[in-house]
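Notes for the one structure printed next.
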Amino acid sequence: MTASHSETAVFDLLDRGIQQFIWQQNWHELRDIQGQAIPLILKADRDVILAAPTAAGKTEAAFFPALSHLCQSPTPRLIVYISPLKALINDQFGRLEILCEQLDIPVWPWHGDISASRKQKFLAHPAGVLLITPEALEAMMCGRGSAVAKIFANTAYFVVDELHAFIGNPRGKQLQSLLHRIERAMGRQVPRIGLSATMGDMRLAAEFIRPGQGEAGQEAGQEAGQEAGQEANQGGRVALLTSKSDQTDLKIAIKGFLKPTPPPVPPSKDKNAEEEEPDQIIARQIAAHLFQTLRGHHNLVFPNARREVERYTLLLNDLCDSLGIAKEFWPHHGNLAKEIRTDTEIALKQSDRAATAICTNTLELGLDIGRVRAIAQVGVPPGVASLRQRLGRSGRRGEAAILYGYAIEEALDAEASLATLLRLGTVQMTAMVLLLIEKWVEPPRASNLHLSTLVQQILSVIAQYGGTTARQLFSLLCAAPAPFHAVSQAVFMNLLRQLGEQELITQDPSGLLLLGEKGEKMVNHYTFYAAFTSEEEFRVISGGKNLGSLPISQMVTVDQLIIFAGKTWRVDEIDDSHKALYVSPARGAMPPIFNGAGCRVHTRVRQKMRQLLEGDDVPSFLDPTARRFLAEAREAYRRGGLADKIILDQGREMMILTWLSDDANEAILCLLAASGVKAALAGPFVAVQKSPDLNEEGLRRRLRALAAAPLPPIPQLLAPAKNLLREKWDWALSRDALQASYASQFLDLTEAHGWLKSQTAFLGNSG
DNA sequence: GACCTGCTGCGGGTTG
């Protein structure tokens, strides 16, 4: 009774036009997160994070009260909604326009595909709802710097959608900087509303949406947020609202597959009679199982790589062909043409015909594709957070969410590596599923200095104001609580000098910083607006139709056969000057190669793997083959006595069994390298090369010495490291700054040093 | 040993 009473009270807070809209939609009650958010957002006096799964009504939870605020304001006001995807802006525009038309509030989509004339109309009357990308906002800051204060003068709210997709990466840092610069230009703070998936530590989201206020806000809130009996945190500067309706049942099955061993010598030199590779044979077996399991429903298959998306789409549709049934498997990844991707999205939305998408994480974010019956994960997922997002797509109308995992292992022959003996793929996938069940997910990395993005923002601020002093620049971008407050004045001044040397900036006699010759050129090109890098690519064209693109770095020759968009093609012509690849349909081909760096595994995952290897419990979701893999792994672990070992002799190399994150392992690797020891990353381990000067006892001594000594300064630590360029503006940094930036992004020195110190007792005993 | 995202202003031509 109290609940419905308070819900009525909340409903009454909304503007009359919005109430009517809700009646027209035949919605009988407000969703949990909406009830929580409406009174808080209406007041427009604080920042709010709304955390709920996809399709829990987050957008309405933000827009109902924000639009009510607009309706009740006597003067024209503006909501600035920021989305990481153009497709999401188009989705939201369609939905909001229906509501806003009734309220007489204009809605303005603004991104690269929107015509200049439409943008001009908004600029003439900047009020209503602006739907924009960070890059388009960046373009506004550089290109219309003097008008920024006027354009945003009436802003009542910033709404950031898919907040979790921004945290910890260059684009997120850019967004924080843009919001901060707009507020500084206006001379006041604007309430920020963040819409996010539920994350392990929501304080990181609060700290992201309002740097310097998020963490403190949470602590203050823990005392005050009790009254409503919800997870709401209403006492701090940033309010955290979490949806309670995040409870879906889970059904999980992990199936093991053994990869065949290739014959040592090819039986025949005849190309036509060439044996299938092991990768293709195992894919064929898994495809047969996927076909049998998924057919006739709506599902998503995640095989982790675009190459595999192509391989599986073709295999599955060939199975449809051979049975004479209609194709029901559709490809979806970032290199496919928009039209092909849209076809897949439409197929998923149609409920009268079965459709399964074979996809990469393009289908992880909040695009409107409806719910599917099941998710198939082929191989180890890139992270627990990612696995959870993927699974969030499954579970229709209150049904359980279903996960089919496929774990692939190699034969245990005489040459089997430690990773094969320990069945690390199966163990990691199992560990990740167990952590998912425990509701743990990786926190985003918060220590990153983001010097590359700082370079972009320095150039952008100079363009915005037509010139600025070093002092003003530092105060705007780096003085707490500005987004780059981790950057010290000394590092900042060094950076400015370096940018001067690169002719990106220059200083006039009065001391004013201006764009240099090179800086001017770069800022005035449209590629400046994105904070992230992108590869050069060939467009792939067949019969005048654009199929998508392939990385230019891939060797392609005329007459080569390739798989693309789930079909097979012959390359007819390569046009280097127009970066185009002309293809026509053909039979029999190999999937193309795309580039990519590896993903970083968290310490918690590695600990869970070790726990699994040392335990006896067999998770019930493993099939007989996966159980056998786990048993073999445990047997190898016990036989090797790995529980009591830190260093394992592997003949030519020695494995340091850290079971730490990739970031901590890479830090140990750097510590060793700086002291002259050659080492490499090996999953949960660090592999050290043996030499006449370095045996196991020598390595123990080295590790003990590293534990006892203070951490060396970064320049010394990364002195032997080469090729540290990772982000867009890294080329413009000095060696020192580049090393600092790299270390802040990829190394966990604290954890590495802590581990070394904790192991000294064991390292002391020889043998 | 992975994946994803985004992008302006202007000049010149044509049409109503």
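The structure presented is a predicted model; accordingly, all values stated were derived computationally and were not measured.
Residue contacts for A/T527: at a heavy-atom cut-off of 4.0 Å it reaches a base atom on one of the strands shown. Residue contacts for A/P382: at a heavy-atom cut-off of 4.0 Å it reaches a base atom on one of the strands shown. Using a 4.0 Å heavy-atom cutoff across all strands shown, A/H111 reaches sugar-phosphate atoms only and no base atom. The residue A/A116 sits apart from the nucleic acid: no heavy atom pair falls under 4.0 Å. Within the 4.0 angstrom heavy-atom criterion, base atoms lie near A/F532. At a threshold of 4.0 angstrom between heavy atoms, the contacts of A/R144 are confined to the sugar-phosphate backbone, with no base atom among them. Residue contacts shown for A/K119 are limited to sugar-phosphate atoms, with no base heavy atom under 4.0 Å away. Across all strands, A/G143 comes closer than 4.0 Å to no nucleic acid atom at all (heavy-atom distances). Within the 4.0 angstrom heavy-atom criterion, no nucleotide atom of any strand lies near A/S386. When heavy atoms are screened at a 4.0 angstrom cut-off, A/N304 is found touching the sugar-phosphate backbone but no base atom.
Of the possible polar contacts, none joining the A/T362 side chain to the A/G334 backbone as a donor-acceptor pair under 3.5 Å is found. At distances below 3.5 Å, not a single donor-acceptor pair connects side-chain atoms of A/R192 with backbone N or O atoms of A/F158. A/T603 places a side-chain N or O within 3.5 Å of a backbone atom of A/S661 that can act as its donor or acceptor partner. Using a distance-only test at 3.5 Å, with no hydrogens or angles considered, a donor-acceptor pair links the side chain of A/T658 to the main chain of A/P684.
Closest-nucleotide positions on DNA chain B for A/N524 and A/R171 were compared, and the one nearer the 5' end corresponds to A/R171.
A 4.0 Å heavy-atom criterion places the boundary nucleotides of DNA chain B facing chain A at B/dG1 to B/dG9, written 5' to 3'.
Screening A/E162, A/E138, A/E727, A/E135 for a salt bridge (charged side-chain N to carboxylate O under 4.0 Å, His left out) involving A/R171 leaves a single residue, A/E135.
Proximity of the aromatic rings of A/W659 and A/F685 is defined here by a centroid distance below 6.0 angstrom, and this criterion is met.
The residues A/D663 and A/R445 are annotated as salt-bridged, a charged nitrogen and a carboxylate oxygen being separated by less than 4.0 angstrom.
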